[in-house]
Amino acid sequence: MDALVIAGRAFESRLIVGTGKYKDGKETQAAIEASGAEMVTVAVRRVNLDRSKESLLDFIDPRRYFLLPNTAGCFTADEAIRAARLGREVGLSDWVKIEVIGDKATLYPDIQATLEATRVLVKEGFTVLPYTSDDIVYAKRLIDAGAAAVMPLGAPIGSGLGLRNTANLRILRELITEVPLIVDAGVGTASDATVAMEMGFDGVLMNTAIAQAQNPVLMAEAMQHGVMAGRQAYLAGRMPRRLYATASSPLDGISVPQ
């Protein structure tokens with residue numbers, strides 16, 4: 001498989017996984033391993049950073065996985081900026097997935113605040129991957145602000161609805177080529193991940209679809225295969241769609257019984 005390259009760093013896996021909602025650290029660890037993911041997101045505001053007691057970080061080997069701190073739970077640009085700085089200060093990473101939530105019921109992003117936080121953190125040397133809407137205008141503004149990737153939602157966070165906005169996602173894919181495009185939020189099962197990759201997206205980020213499955217470890221493995229199959233199908237190029245049937249075995253040259 002070809003590598004996913006973000007800000008000059010190559011990742012063999014195009015699946016990025018989160019670490020929330022699992023029943024315990026051991027299940028988290030097993031699911032991450034089964035997913036084949038190399039990049040793992042960690043909510044700065046939801047982990048015990050001083051390691052004074054058992055922490056999620058005890059179950060993620062930083063020598064094996066690339067930690068991507070995220071600002072989940074932040075509702076203003078200032079909160080997100082502080083969380084990103086804290087993650088860097090405690091040694092997590094100078095990369096950050098920016099989340100600024102604008103509505104508690106839908107968990108839709110506040111795209112103006114996201115843009116503001118992106119501008120500030122890029123100037124401070126962060127590699128910023130913003131979670132955003134499927135708005136092409138703001139996607140371009142985030143790129144202009146220095147975002148290393150754009151991560152539009154496929155459906156509301158944790159909904160498992162699959163890709164509900166395929167027209168807008170296709171517009172994003174057609175018009176954005178400067179940075180990777182990664183579907184973030186809404187995936188419910190492996191076929192959703194496959195569809196995203198077949199559309200040409202560069203990667204998929206998910207958490208709830210794995211963590212809340214009846215068998216999270218098995219679902220993590222399914223997601224790995226779904227992402228890989230979708231990417232391979234995209235690279236292979238699907239056959240043209242036709243209105244009428246075409247015989248699998250050509251009829252030319254077949255002798256007709258007399």
Side chains of D192 and T189, donor plus acceptor under 3.5 Å: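 The criterion, which ignores hydrogens and geometry beyond distance, is not satisfied for T189 and D192.
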Residue pair Y138 / Q112, side-chain donor-acceptor N/O under 3.5 Å: yes
Does [X] reach the side chain of [Y], with side-chain heavy atoms less than 4.5 Å apart?
X	Y	result
D2	R14	yes
T118	T114	yes
K97	T71	no
N207	V17	no
W95	R9	yes
F59	T19	no
L205	V183	no
T127	V96	no

Residue list, salt bridge (charged side-chain N to carboxylate O under 4.0 Å, His left out) with E79, at least two apart or on another chain: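 Salt bridge (charged side-chain N to carboxylate O under 4.0 Å, His left out) list for E79, sorted by chain: R45.
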Would you name the heavy atoms of [X] and [Y] that are closest together and state the gap between them?
X	Y	answer
A7	A148	CB-CB, 4.2 Å
A233	E198	CB-OE2, 3.8 Å
S93	F66	OG-CZ, 4.1 Å
S159	G186	OG-CA, 4.1 Å
P216	A211	CG-O, 3.7 Å
A193	V227	CB-CG2, 3.9 Å

Can you hop from [X] to [Y] via hydrophobic side chains spaced under 4.5 Å?
X	Y	value
V179	V122	no
F201	V187	no
I111	F75	no
I98	L115	no
Y234	M199	no

Let me confirm one number: the [atom1]-[atom2] distance from [X] to [Y], rounded to the nearest 0.5 Å.
X	Y	atom1	atom2	answer
R170	L163	CZ	CG	9.5 Å
E27	I210	CD	CD1	11.0 Å
L107	E99	CG	CD	9.0 Å
M206	I182	CE	CD1	11.5 Å
L142	S133	CG	OG	8.5 Å
D184	I157	CG	CD1	7.0 Å

Derivation and outcome, side chain to side chain contact (heavy atoms under 4.5 Å, CB included), residues D78 and R82: CA-CA 6 Å; D78 286 343; R82 285 196 298 270; 3.8 Å; yes
Salt-bridge present ([X], [Y]; N to O < 4.0 Å):
X	Y	value
D202	R173	yes
E33	R64	yes
K26	D24	no
R85	E124	yes

T132 (side chain) donor-acceptor with P152 (main chain) under 3.5 angstrom: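 It does not hold such a pair.
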Side-chain (E38) to main-chain (E12) donor-acceptor, under 3.5 angstrom: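 Confirmed, E38 side chain pairs with E12 backbone.
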Pair T41-I16, side chain to side chain contact (heavy atoms under 4.5 Å, CB included): steps then yes or no: CA-CA 7 Å; T41 68; I16 305 168; 4.0 Å; yes
Working for side chain to side chain contact (heavy atoms under 4.5 Å, CB included), residues I32 and Y65: CA-CA 9 Å; I32 293 172; Y65 300 107; 3.5 Å; yes
Check against salt bridge (Lys or Arg N to Asp or Glu O under 4.0 Å), R164 and D134: CA-CA 11 Å; R164 292 300 182 185; D134 55 12; over 6 Å; no
Charged tip of R242 within 45° of Y244 ring normal and under 6.0 Å: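 No, R242 does not sit over the ring of Y244.
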Candidate pair N70 and V44, rule side chain to side chain contact (heavy atoms under 4.5 Å, CB included), full reasoning: CA-CA 6 Å; N70 70 60; V44 175; over 6 Å; no
E178, CD atom: more than 12 neighbouring heavy atoms under 6.0 Å: yes
